[in-house]
Amino acid sequence: MPLSRIEIRRRATAFAKEWADAADEHAEAKSFWDGFFHVFGVPRKRVATFEHHVKKLGGADGYVDLFWPGKLVVEHKSRGRDLDRAFDQAMAYLAGLHDHELPRHIIASDFARIVVHDLESKQTTAIALAELPKRIELFDFISGWSAPKPLEQDPVNRRAAELMARLHDELKESGYTGHALELYLVRLLFCLFADDTGIFEQQVFYDFIEGHTREDGGDLGAQLAWLFQLLNTPDDRRSKNLDDRWKDFHYINGRLFEEVLPIAVWNSGMRVTLLECATLDWTNISPAIFGAMFQGVMDPKQRRDLGAHYTSERNILKLIGPLFLDELWAEFNRVKSSRPKLEAFHRKLAALRFLDPACGCGNFLVITYRELRRLELEVLQVKLKGQQVTDVQHFVNLDVDRFYGIEIEEFPAQIAQVALWLTDHQMNMQVSQAFGDYMVRIPLRQSATILHGNALRTPWQSLLPEGERYDYILGNPPFVGSKLMSAGMREDLLAVFPGLKGAGTLDFVCGWYGLAAQYVLQHGAQTTRCAFVSTNSITQGEQVGVLWGHLLQQGMKIHFAHRTFRWNNEAKGVAAVHCVIIGFAAFDLPKKRLFIYTEPGGEPTEEVVQNISPYLVEGSDIVLTSRSKPLCNVPEIGIGNKPIDGGHYLFTTAERDAFLAVEPGAKKFFRRWLGSDEFINGWERWCLWLGEASPAELKAMPEAMKRIDAVRRTRLESKSAPTRKLADTPTRFHVENMPKGNYLIIPEVSSERRLFIPIGFEQPSTLASNLVKIVPNATLFHFGVLTSTMHNAWVRFTCGRLESRYRYSKDIVYNNFPWPEAPTAAQQAAVEAAAQGVLDARAAHQMPLTPSPSPGERGASLADLYDPLTMPPDLVKAHAALDKAVDKCYRPQPFENDAKRVEFLFGLYEKYTAGLLAGKTGKRVKG
């Protein structure tokens with residue numbers, strides 16, 4: 001255990017005075033450094049050696065004045081000598097050291113001056129010996145006082161995970177596998193961390209491996225097994241015959257070392273890997289980040305890029321800040337001037353309970369605990385200001401026993417347990433730094449409750465003592481889409497929502513929302529708050545009506561939300577996920593916090609609003625349900641044609657021409673065929689439409705008859721009974737939608753990069769596929785409104801997604817869209833004129849459909865015209881004019897942004913559906 005700051009400073013003062021007049025390098029250097037180490041409470045003989053032999057580059061012998069493996073090299077000179085040359089000399093010795101022996105620090109000294117070089121941070125600090133009492137923190141790496149300063153992207157986190165990955169592989173290749181391997185690695189992780197942070201006496205674990213096991217590793221497994229047993233044995237129950245090598249390993253408790261594991265068989269290479277792990281500086285390891293990286297070493301699929309699988313601290317803070325942390329800090333600042341109120345606040349902090357029901361390696365719990373301990377440290381500094389503190393542990397109330405988690409995989413559950421202990425120790429070190437009194441909680445008395453189990457099948461209340469409840473439920477449940485779930489996942493999800501219509505469309509994460517709502521209603525209706533990170537799909541499309549319709553009926557209210565943002569990490573080649581964060585509870589608040597992103601990868605701006613709708617805009621708690629007819633009096637929309645033909649009726653231009661060469665009579669039956677891809681990218685496809693051909697015409701075309709027979713056989717081979725029934729009419733399509741006049745075509749799927757979904761008119765001779773929506777009888781006014789930013793903003797907020805692309809729907813997007821309430825004839829004419837302007841601007845650049853379009857040769861496709869990087873200026877201008885005309889149909893004032901448009905549209909939707917315009921007459925609102 002490190003000495004107190006007060007004692008170190010007292011010893012430093014005496015040491016500096018004693019050596020003020022020293023001058024003889026050879027006679028006194030060893031005594032100087034023995035005394036120097038004594039200042040910091042570290043027996044020099046136990047950790048460092050004098051005149052350590054090395055081979056320098058070129059083969060010459062060298063002798064390091066003082067060598068502490070993995071920590072420190074000292075080069076000592078006579079008074080007044082050049083200490084820069086001394087540093088260069090020390091650097092030359094490094095070539096003769098093994099990787100695991102390389103130090104982080106080099107010290108050059110001449111008795112009167114001490115120069116410290118930090119090789120990791122590349123910082124150099126020089127002090128006079130007389131300054132030592134005031135600069136003792138410079139040598140925290142010797143005393144064991146090093147306070148952790150873990151950075152999210154600190155290379156030490158990645159390096160530690162890489163070494164642990166290597167160790168995992170080597171143990172696994174030796175035949176040590178499964179649960180035993182996982183727990184073995186977690187124990188080693190604890191020992192490595194303990195060796196650098198004051199849980200163990202400094203570097204005793206490294207010394208144990210280096211000095212008390214054979215170089216071939218043959219006895220290392222047995223020695224570690226004995227060490228693990230010792231760490232599980234209280235000090236007062238140990239054998240009196242233990243030799244000195246074990247005396248610095250004290251009882252740990254916490255059940256971490258309780259289970260007896262098989263003895264692993266090590267070799268020399270594995271021993272070297274463990275030594276390399278032991279020479280890392282584990283004080284700067286972040287338990288939150290390293291834990292998730294460490295989990296990745298167990299899965300070869302995740303191994304490709306360590307770092308791809310953790311949740312950044314920055315993103316975790318986006319959730320815990322508005323959920324509770326901001327409010328607690330505000331309360332602290334209000335009460336800190338009142339001693340009774342501050343005491344009550346401190347008791348409140350220590351009483352809070354937190355659950356992460358999908359905790360993984362414990363990232364959210366770890367950061368939550370760390371931030372609460374930081375807040376408690378501020379409380380203590382106010383409470384104890386001006387006092388000489390000699391037992392600071394007595395004043396620390398927060399501990400890990402108020403933290404709970406559920407994790408379906410055993411290994412990350414074990415990591416979460418240990419990560420919270422490690423974080424507790426790191427925060428104890430920060431308390432120690434603040435008050436100069438060393439605090440350590442060993443043996444472990446308290447532990448978090450981390451259950452290895454299925455969160456969707458486990459009663460969350462079962463983790464708690466009788467009569468208690470969670471104050472906050474939070475986390476980052478699995479991102480698995482509705483169509484990607486396993487059968488087991490689907491069963492788990494549906495069990496959360498028994499009898500709920502549409503539950504089969506929900507993503508897996510919705511199960512956590514459902515169970516959180518159930519818990520809140522049963523156990524903490526007026527107190528418990530919840531927040532989850534989720535894919536943004538739960539705020540879009542059909543899922544909103546199913547999930548949020550259910551939650552709103554149960555009384556849930558959204559308290560804060562982050563709109564869609566990119567959930568990034570630093571790993572190469574790992575796709576970012578578009579996420580939202582939603583905080584909710586079963587009670588209302590007068591003000592809500594809405595975080596808005598101009599760009600998904602940017603920083604949010606915060607708005608304080610009256611209410612947040614499930615679409616994460618300011619507005620009433622409205623959900624769009626599937627509507628079979630349009631809300632307003634506008635043309636109905638439908639899908640295009642769905643052949644179910646096995647591709648036998650569809651042709652490229654070359655295939656059509658080859659077919660007509662042998663079956664020229666089929667020419668009049670070929671119709672142009674457009675799906676989303678063909679329409680947007682401007683290439684030709686053709687459909688052989690024989691549904692209206694007479695039997696005589698069909699008999700006259702033997703090649704066409706072959707196609708008909710192939711379609712019939714394809715349908716007969718289907719597992720679907722309705723499809724097999726279609727074999728009775730092989731010339732007809734499953735869905736036929738062939739308008740007699742011009743119609744609008746709307747791609748069902750379109751890139752999210754586009755500001756506008758490309759929409760256009762088509763002639764009746766063209767057949768639209770089922771991959772587009774079509775609007776017969778549409779006018780220029782309808783085209784203008786649907787092409788405007790007003791409608792596209794509605795789409796962006798309400799449509800479902802295919803990956804990140806917009807998926808336009810009939811029943812949710814189009815049929816629920818609130819058209820302008822009562823546009824004047826002049827306003828409609830202005831929209832029609834501006835809509836024609838958009839079509840004209842397109843025509844000036846657009847190419848005709850071709851068999852294989854060549855960009856730049858024959859004009860631009862709609863994909864080119866609506867790419868934000870290549871959109872022609874005249875088309876941009878035409879759309880701006882159209883937006884202005886459409887906006888005026890809704891209100892005279894312009895809209896600031898998409899969110900304000902959507903807020904207005906939802907207000908209009910609420911008005912329409914409340915019957916203010918339609919309810920009394922039963923007629924749909926005119927559009």
Trainee: Does a sphere of radius 6.0 Å around NE2 in H53 hold more than 12 heavy atoms from other residues, nucleotides or ligands, not counting ones at 6.0 Å or beyond?
Mentor: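 Yes, NE2 of H53 has more than 12 neighbouring heavy atoms, counting only those of other groups under 6.0 Å.
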Trainee: Is the closest side-chain donor-acceptor distance between T213 and R271 under 3.5 Å?
Mentor: yes
Trainee: Heavy-atom distance under 4.5 Å between the side chains of I8 and F40, does that happen here?
Mentor: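 When only atoms from C-beta onward are counted, F40 and I8 do touch, with a gap below 4.5 Å.
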Trainee: For a salt bridge (charged side-chain N to carboxylate O under 4.0 Å, His left out) check, start with the C-alpha distance between E137 and R135, then their side-chain angles and the critical distance, and finish with the verdict.
Mentor: CA-CA 5 Å; E137 78 286 345; R135 299 300 305 274; 3.2 Å; yes
Trainee: Does one side chain, of T273 or R166, offer a donor that lies under 3.5 Å from an acceptor on the other?
Mentor: yes
Trainee: Applying the ring-ring contact (aromatic ring centres under 6.0 Å, His included) criterion to F15, which one of W33, F111, F32 satisfies it?
Mentor: F32
Trainee: Let me have the donor-acceptor pairs involving side chains of residues 225-232, under 3.5 Å, with sequence neighbours excluded, atom names and distances please.
Mentor:
none

Trainee: Taking it one step at a time, do D424 and R441 satisfy salt bridge (charged side-chain N to carboxylate O under 4.0 Å, His left out)?
Mentor: CA-CA 9 Å; D424 180 65; R441 285 170 167 163; 2.7 Å; yes
Trainee: Between H168 and E182, is any side-chain donor less than 3.5 angstrom from a side-chain acceptor?
Mentor: no
Trainee: Go through the side-chain N and O atoms of E410 and H179 and say whether any donor and acceptor fall under 3.5 Å apart.
Mentor: yes
Trainee: Is it the case that Y404 and D356 place a side-chain donor and acceptor less than 3.5 Å from each other?
Mentor: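 Result is no, nothing qualifies.
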Trainee: Taking atom CZ of R44 and atom CZ of F36, what is their separation to the nearest 0.5 Å?
Mentor: 14.0 Å
Trainee: Do M270 and L220 come close enough that some side-chain heavy atom pair is under 4.5 Å?
Mentor: no
Trainee: Please round to the nearest 0.5 Å and tell me the distance separating atom NE2 of H105 and atom CG of L72.
Mentor: 8.5 Å
Trainee: Can you list the residues that meet the salt bridge (charged side-chain N to carboxylate O under 4.0 Å, His left out) rule with D243, with sequence neighbours excluded?
Mentor: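 Here the qualifying residues are R245.
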Trainee: Hydrogens and angles aside, do D65 and H76 bring a side-chain donor and acceptor to less than 3.5 Å of each other?
Mentor: no
Trainee: Is it true that a side-chain atom of R11 and a backbone atom of H38 form a donor plus acceptor pair closer than 3.5 Å?
Mentor: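 Checking the backbone N and O of H38 against the side chain of R11, a donor-acceptor pair under 3.5 Å is found.
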Trainee: Determine whether the side chains of K56 and Q89 contain a donor N or O and an acceptor N or O closer than 3.5 Å.
Mentor: no
Trainee: Please determine which of Y251, F200, F208 meets the ring-ring contact (aromatic ring centres under 6.0 Å, His included) test together with W246.
Mentor: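 With W246 as partner, ring-ring contact (aromatic ring centres under 6.0 Å, His included) holds for just one option, F208.
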Trainee: N267 side chain to G218 main-chain N or O, any donor-acceptor pair under 3.5 Å?
Mentor: no
Trainee: Looking at F37 versus W68, is the centre-to-centre ring distance below 6.0 Å?
Mentor: yes
Trainee: Taking the inter-plane angle between the rings of W266 and Y184 on a 0 to 90° scale, is it parallel (under 30°), tilted (30 to 60°) or perpendicular (over 60°)?
Mentor: tilted
Trainee: E313 and R370: salt bridge (charged side-chain N to carboxylate O under 4.0 Å, His left out), yes or no, with the steps?
Mentor: CA-CA 11 Å; E313 294 186 14; R370 185 194 71 189; 2.8 Å; yes
Trainee: Would you check if the side chain of N363 reaches a backbone N or O of I316 as a donor-acceptor pair within less than 3.5 Å?
Mentor: no
